[in-house]
Amino acid sequence: MSANLIALGYLISSVCFILSLRGLSSPKTASNGVLFGIFGMTLAIITTLSSPGIIDWHYLIISLFASLIVGALIAKKTNMTALPQLIAAFHSLVGLSAVLIATAAFYAPDAFGISTNGIIHTSSLIELSLGLVIGAVTFSGSVIAFGKLQGLITGKPLVFKGQHIINALLGIVLIILIALLVSEQDKTTFIILASSSFLIGFLLVLPIGGADMPVIVSMLNSYSGWAAAGIGFTLNNHLLIITGALVGSAGAILSYIMCKGMNRSLFNVLIGGFGGAQANSSTKINASEEGKPVKSGSPEDAA
């Protein structure tokens with residue numbers, strides 16, 4: 001397939017994804033939105049498989065059909081009430097894919113056309129690093145969200161003293177590591193950056209209570225989109241960039257709307273711990289002002 005036809009296929013796929021998001025905004029048009037999404041993704045896969053850069057189809061076809069079978073079986077056995085944790089699990093796979101692609105691009109830059117004489121271009125390193133960090137945070141955070149929603153991990157906020165300071169320090173460390181990776185292109189720095197990103201994903205989601213998980217799942221959806229967009233720049237794939245930006249912005253907007261509907265602060269929900277405590281306190285204050293009894297499961301609250 002020529003470059004023009006590939007660009008046209010990606011363009012039509014992008015339009016289908018936009019129409020899919022528009023359709024999913026209303027229950028009346030949701031089914032049409034799903035159909036647009038299916039068609040767009042099918043066209044994107046066919047266009048990608050038709051790319052002249054693909055040398056061997058065998059592994060791709062095997063993995064594609066294996067994924068189709070596994071996905072169909074999971075979807076068939078999943079109840080509607082278990083969709084939030086299913087979405088969280090799928091987000092983790094998107095994040096892990098971004099990490100794996102970033103790793104492959106870092107260790108074999110010539111295969112991706114992002115290097116000259118073995119030296120990775122600075123712009124490509126920045127894009128690669130951002131995709132790695134966001135993808136790793138998405139993966140580890142989504143794993144914790146899945147565990148909380150599935151009941152494998154307690155839904156209570158797991159807080160500890162100084163957690164926000166540690167998260168802030170880790171954020172600063174990530175910025176420093178990205179700068180070091182861009183300047184030195186050291187493999188040890190790359191490994192430390194990836195490990196730190198996985199760690200901060202765990203630490204960001206563990207302190208968040210089960211009641212806030214829908215917001216977190218939506219926010220992780222946004223993260224997965226930005227991770228895909230970052231890797232799209234590395235791969236020079238316009239469809240990934242457009243789709244990632246759509247998913248990233250849509251997830252962020254949805255998270256804001258959900259927090260607004262719950263009368264919660266998005267910032268407090270994301271940093272964990274504070275959000276749940278504030279919600280409980282406001283509930284008790286409102287109930288006491290109205291002269292209503294405050295329900296609580298602890299003797300202290302009853303007193």
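Using a 4.5 Å heavy-atom cutoff, the side chains of F190 and L128 are in contact. When side chains are defined from C-beta on, I101 does not count as touching T234, because their heavy atoms never get closer than 4.5 Å. Side chains of L193 and L174 form a contact here, defined as non-hydrogen atoms less than 4.5 Å apart. The shortest side-chain heavy-atom distance between F146 and L152 falls under the 4.5 Å cut-off. The shortest side-chain heavy-atom distance between V217 and L149 falls under the 4.5 Å cut-off. Counting heavy atoms from C-beta on, the side chains of T78 and I74 come closer than 4.5 Å.
Taking every heavy atom of both residues into account, V137 and L220 meet most closely at O-CD2, 4.5 Å. Between H121 and G113, the shortest heavy-atom contact is CE1-O, 4.4 Å.
Applying the ring pair (Phe, Tyr, Trp, His ring centres under 6.0 Å) test to every pair with at least one member in residues 191-212, sequence neighbours left out, gives these pairs: F139-F198. Listed by first then second residue, pairs satisfying ring pair (Phe, Tyr, Trp, His ring centres under 6.0 Å) with a partner in residues 65-103 number zero, not counting sequence neighbours.
Under the side chain to side chain contact (heavy atoms under 4.5 Å, CB included) criterion, P109 pairs with I114, S115, I120, sequence neighbours left out.
To the nearest 0.5 Å, atom CG of residue L199 and atom CG of residue N167 are 8.5 Å apart. With rounding to the nearest 0.5 Å, the separation of OG in S249 from CG in L254 is 11.0 Å. Considering CD1 of I12 and CG of L239, their distance stands at 11.5 Å, rounded to 0.5 Å. Separation of atoms CG (L93) and OG1 (T138) is listed at 11.5 Å; rounding is to 0.5 Å. The distance from the CG atom of L11 to the CG atom of N4 is 12.0 Å, given to the nearest 0.5 Å. In this structure, F17 CZ and L246 CG are separated by 9.0 Å, a value rounded to the nearest 0.5 Å.
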(request) Mind running side chain to side chain contact (heavy atoms under 4.5 Å, CB included) on I144 and I153 for me, showing each step along the way? (result) CA-CA 8 Å; I144 298 299; I153 304 174; 4.0 Å; yes
(message) Using side chain to side chain contact (heavy atoms under 4.5 Å, CB included), reason through L43 and C16 one step at a time and then give a plain yes or no.
(response) CA-CA 10 Å; L43 179 59; C16 287; 5.7 Å; no
(message) Evaluate L35 against S31 for side chain to side chain contact (heavy atoms under 4.5 Å, CB included), listing each step before the verdict.
(response) CA-CA 6 Å; L35 292 177; S31 58; 5.7 Å; no
(message) Please evaluate residues I126 and I178 with respect to the criterion side chain to side chain contact (heavy atoms under 4.5 Å, CB included), reporting the C-alpha separation (whole Å), side-chain torsions for both, the decisive distance (0.1 Å), and the verdict.
(response) CA-CA 7 Å; I126 295 174; I178 291 175; 5.7 Å; no
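Formation of a donor-acceptor pair under 3.5 Å by the T48 side chain with backbone atoms of A44 is found in this model. Of the possible polar contacts, none joining the S142 side chain to the A89 backbone as a donor-acceptor pair under 3.5 Å is found.
Taking a 6.0 Å sphere around OH of Y59, one finds it holds 12 or fewer heavy atoms contributed by other residues, nucleotides or ligands.
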